[in-house]
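Order of appearance sets the numbers: ligands from 1, and atoms from 1 within every ligand. Since the structure is predicted, the reported quantities are computational estimates derived from the model, not experimental observations.
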Amino acid sequence: MTQSYRFPPGFHWGAATSAYQIEGSPLADGAGPSIWERFAHTPGMMANGDTGDIACDHYHRYKDDVQLMRALGLQGYRFSIAWSRVLPEGTGRINQKGVDFYSRLVDELLENGIEPNATLFHWDLPAALDDRGGWLNRDIAHWFAEYANVMYKALDGRVKRWSTLNEPWVVTDGGYLHGALAPGHRSKYEAPIAAHNLMRASGAGIQAYRAVGKHEIGVVFNIEPKYPASNSPEDIAATRRAHAYMNEQFADPALLGSYPPELKEIFGPAWPDFPEDDFKLTQQKVDFVGLNYYTRAVVKHDPNAYPLKAVPVKQPNTTYTETGWEVYEQGFTDMFTWFKQRYGDIPLYVTENGSAFYDAPVAEGDVVQDPLRTSYLRKHLKAMHHAIEQGVNLKGYYAWSLLDNLEWSLGFAKRFGLYHVDFATQKRTPKATAKFYAQVIETNGAVL
Ligand SMILES: OC[C@H]1NNC[C@@H](O)[C@@H]1O
Ligand SMILES: [Ca+2]
């Protein structure tokens with residue numbers, strides 16, 4: 001009897017994007033600058049000098065892009081709200097035109113039978129708040145709750161699924177430890193403070209929702225399962241540190257109200273002694289958790305690696321994507337098992353999963369042939385199905401991404417889209433993977 005990959009009835013199929021990566025017009029209609037507007041216009045920070053000034057011009061083309069979603073039969077669309085469109089200074093004065101853009105987008109989605117799934121913060125912090133310390137200022141928990149309340153008031157009811165943050169680990173590792181992402185800081189003293197305040201803010205946003213919200217709210221983490229390069233005690237300890245640093249540092253304060261001991265081991269004197277009361281804020285009941293999965297890491301001890309003393313080991317005889325990530329669908333299944341064991345049976349969504357591969361230039365009107373991306377998707381959907389068969393409470397899947405877009409400081413060259421975007425003409429062209437995904441949705445997985 002051949003294995004059936006049909007998903008449970010009602011499994012939710014969508015696609016995801018984020019504001020700065022697709023919208024363009026970052027300063028239009030009264031919007032204030034974000035830290036990504038500043039970072040992208042800082043020479044040397046972005047591959048090829050790419051910026052989000054135009055991106056996919058989604059700010060103007062959103063109605064056409066909703067039709068692209070409808071063409072695939074998407075049931076949901078996960079997008080993020082640019083905080084500084086809505087509150088140009090981050091707090092206080094509301095820019096109604098900014099709110100109106102998201103209200104129009106939500107109405108367009110609903111009119112086309114697509115469920116809006118809104119993320120409040122996907123990295124584009126208002127520059128005015130960064131000038132006041134940003135994630136290093138404990139007041140940001142209140143700034144975030146104020147912003148969240150503005151959006152709850154404007155959209156809750158039409159938006160029935162909210163996320164506070166997207167991937168806080170990337171914000172702190174990229175923005176505060178290594179500096180490759182906005183705001184470009186390089187400090188092992190700042191990273192833990194930013195990480196902690198991100199989770200305090202997320203908690204404050206959830207608390208605010210409990211007072212006024214009528215639907216669901218959660219938080220989105222990137223998870224990269226870690227595997228030891230050998231059975232040596234050093235490599236196993238290094239793997240434990242890498243796992244705690246990326247996969248537990250944010251979910252633990254949110255879901256367990258504590259930090260794993262490895263973080264004090266990693267950061268030493270740079271690890272603050274956080275007040276116990278803070279965990280009353282970071283730990284809130286969530287209606288779901290979003291998990292973003294791309295790849296795994298095989299880890300070995302390296303005394304010179306700062307500050308983890310652990311480095312990834314490239315694997316032989318396997319496929320890597322354009323972002324240097326190993327195609328390893330077993331890690332997808334393993335991730336769910338680990339999460340359920342550590343945090344319990346919390347409803348889960350895959351809020352991002354996808355791959356960047358080189359796409360040959362597309363002839364007029366054709367479908368972009370992208371076999372490697374289709375293979376990645378098929379393998380990962382099957383791996384996800386195995387997790388559901390093992391009893392993981394998985395409610396839905398959002399492919400990253402609807403469109404080719406600005407892959408942050410890697411620029412436009414890293415293409416994750418189901419639709420190819422010609423950034424010179426803004427023409428969207430479906431890739432073969434988009435056609436395949438449409439069949440997956442239509443058959444609820446039976447086609448896999
Ligand atoms: O790197 C691919 C994606 N990963 N998660 C966050 C998104 O903004 C990225 O484009
Ligand atoms: Ca700064």
Do the rings of [X] and [Y] sit parallel, tilted or perpendicular, given the 30° and 60° boundaries?
X	Y	value
Phe121	Trp83	perpendicular
Trp338	Tyr343	perpendicular
Tyr245	Trp169	perpendicular

- Distance-only, no hydrogens or angles: does the Asn247 side chain make a donor-acceptor pair with backbone N or O of Glu224 under 3.5 Å?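 Here the side-chain-to-backbone pair exists.
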- Item | Phe39 ring center near Trp408 ring center (under 6.0 Å) |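 Not close enough - the centres of the two rings lie 6.0 Å or further apart.
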- Can you tell which part of Tyr293 has a heavy atom less than 4.0 Å from ligand 1: side chain, backbone, both or neither?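 The answer is neither.
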- Message: Can you tell me which portion of Glu352 lies within the under-4.0 Å heavy-atom range of ligand 1? Options are side chain, backbone, both, or neither.
- Response: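 Within the 4.0 Å criterion, Glu352 contacts ligand 1 through side-chain atoms alone.
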May I ask you to identify the nearest protein heavy atom to [atom], giving residue, atom name and distance to one decimal place in Å?
atom	value
atom 1 (O) of ligand 1	Glu407 OE2, 2.6 Å
atom 3 (C) of ligand 1	Tyr294 OH, 3.3 Å
atom 8 (O) of ligand 1	Gln21 OE1, 2.7 Å

- Message: Would Glu167 count as being in polar contact with ligand 1, using the rule that some N or O on each side must be under 3.5 angstrom apart?
- Response: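 Indeed, backbone or side chain, Glu167 has an N or O that close.
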- Message: Between ligand 1 and Trp408, is the shortest N or O to N or O distance under 3.5 Å?
- Response: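 Yes: some nitrogen or oxygen of Trp408 is under 3.5 Å from one in ligand 1.
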- Examine the side chains of Tyr259 and His196 and answer whether a donor and an acceptor come within less than 3.5 Å of each other.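 A donor-acceptor contact under 3.5 Å links the two side chains.
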- Task: Could you list the atoms of ligand 1 found under 4.0 angstrom from a heavy atom of His122?
- Result: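 Going through ligand 1 atom by atom, the ones under 4.0 Å from His122 are 6 (C), 7 (C), 8 (O).
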- Message: By the definition side chain to side chain donor-acceptor pair (under 3.5 Å), identify the one residue from Tyr397, Tyr294, Trp400, Tyr398 that meets it with Glu352.
- Response: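 The single option meeting the side chain to side chain donor-acceptor pair (under 3.5 Å) with Glu352 is Tyr294.
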- Item | 4.0 Å heavy-atom contact, Tyr20 with ligand 1 |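 Per 4.0 Å heavy-atom rule, Tyr20 does not contact ligand 1.
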